[in-house]
2 protein chains.
Amino acid sequence: MQDKTCHGVEVAIEALVGKWKPIILFHLMEKGTLRFNELKRAIPKITQKMLTSQLRELEHHQIVNRKVYPQVPPKVEYSLTEYGKEIIPLLQSMQEWGTTHKKYMVEHNIDIAEG
Amino acid sequence: MQDKTCHGVEVAIEALVGKWKPIILFHLMEKGTLRFNELKRAIPKITQKMLTSQLRELEHHQIVNRKVYPQVPPKVEYSLTEYGKEIIPLLQSMQEWGTTHKKYMVEHNIDIAEG
DNA sequence: CCCAATAGTATCCTTTATGATACTATAACA
DNA sequence: TGTTATAGTATCATAAAGGATACTATTGGG
């Protein structure tokens, strides 16, 4: 077995990891399109720097689309690309397993943060 | 929408993240049971410290089972728990999406490492 | 002229994650 | 007695991720 039998998993994690990416994706999944500041308001604890960088990374992967309106003050809208929407079922599977796992850990009285 | 609509996703990522966890899990999926040093030899670039810590975390989540034989020199076997095996379909979905995504990025001539 | 609003950058700092290296215990064996 | 094997720990160093804060451009409105 090569070390990279699981390379796809690492690619997937790479694309989704980052403290804020899943949150951003779920907001875009729910609302369709959001302006930069709408996202910022929806995720109060994120800093501008992190919001920008996470969006840039998602854009780089062509999961998120960035549309700039040439006006002042600026208007920039973010949404999932068609290609990005293909990730939704995976996010839902992760969501499902994670929710179950959280419950499992609580029921077994294990601190999920420790491990 | 609460910030935590996607909490499950974060739990899932938490459980799978770590530079070596997917690799370890795939080896255990394939071989069933492996001793510490067998894993180490199968993943040449991992340090002992990282192998230990990643296994400890997987064990903490009850995804991996650790069986110690009281003998000298020590013998410790690692395997997926029954509960841990439930994560296999998720790993496979991630693997599938990730593989497709990798291909997509290559075809579109995008450097996957940059973003 | 001054202020607000938007979508950012730039800089510096702290926290986590990962890595390199050396070290441990114990029994069998030469 | 010294050597090997196993499954680790301990310590220190570096790299990567995240956070705090201040700053920018532009234009409409008071």
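Below, chain A is the first sequence line, B the second, and so on; all start at residue 1. As the structure is a prediction and not an experimental result, all values here were calculated from the model.
- Note that the first and last nucleotides of DNA chain C, 5' to 3', having any atom under 4.0 angstrom from a heavy atom of chain B are C:dT18 to C:dA27.
- In this structure, A:Tyr78 and A:Phe36 have tilted ring planes: the angle between them lies in the 30° to 60° band.
- With hydrogens and angles ignored, the 3.5 Å screen pairs no side-chain donor or acceptor of A:Glu77 with any backbone N or O of A:Lys67.
- Nucleic acid contact class of B:Tyr78 (heavy atoms, under 4.0 Å, all strands): sugar-phosphate only.
- For the pair A:Asn37/A:Lys40, a side-chain contact is recorded, criterion being any heavy-atom separation below 4.5 Å from C-beta on.
- Closest to the B:Pro73 side chain, of the nucleotides D:dT26, D:dA7, D:dA5, is D:dA5.
- Ion pairing of A:Glu38 with A:Arg41 is absent here, as no side-chain N (NZ or NE/NH1/NH2) approaches a carboxylate O to less than 4.0 Å.
- D:dA5 atom P lies 12 Å from atom CZ of B:Arg35, rounded to whole Å.
- Considering only heavy atoms from C-beta on, A:Ile88 comes within 4.5 Å of A:Leu80 through its side chain.
- The backbone N or O of B:Val9 lies less than 3.5 Å from a partner atom in the side chain of A:Gln95, making a donor-acceptor pair.
- Counting heavy atoms from C-beta outward, B:Lys21 and B:Val17 have side chains that stay 4.5 Å or more apart.
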Using a cutoff of under 3.5 Å, can you pull out all pairs of nitrogen or oxygen atoms linking the protein to nucleotides 14-20 of chain D, with atom names and distances?
| unit_1 | atom_1 | unit_2 | atom_2 | d |
| --- | --- | --- | --- | --- |
| D:dG18 | OP1 | A:Lys19 | N | 3.0 |
| D:dG19 | OP1 | A:Lys19 | NZ | 2.6 |
| D:dG19 | OP2 | A:Trp20 | NE1 | 3.1 |
| D:dG19 | N7 | A:Lys49 | NZ | 3.2 |
| D:dG19 | O6 | A:Lys49 | NZ | 2.1 |

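- Contacts of A:Lys75 with the nucleic acid, taken as non-hydrogen atoms under 4.0 Å apart, involve only primed sugar atoms and P, OP1 or OP2.
- Using a 4.5 Å heavy-atom cutoff, the side chains of A:Met94 and A:Leu16 are in contact.
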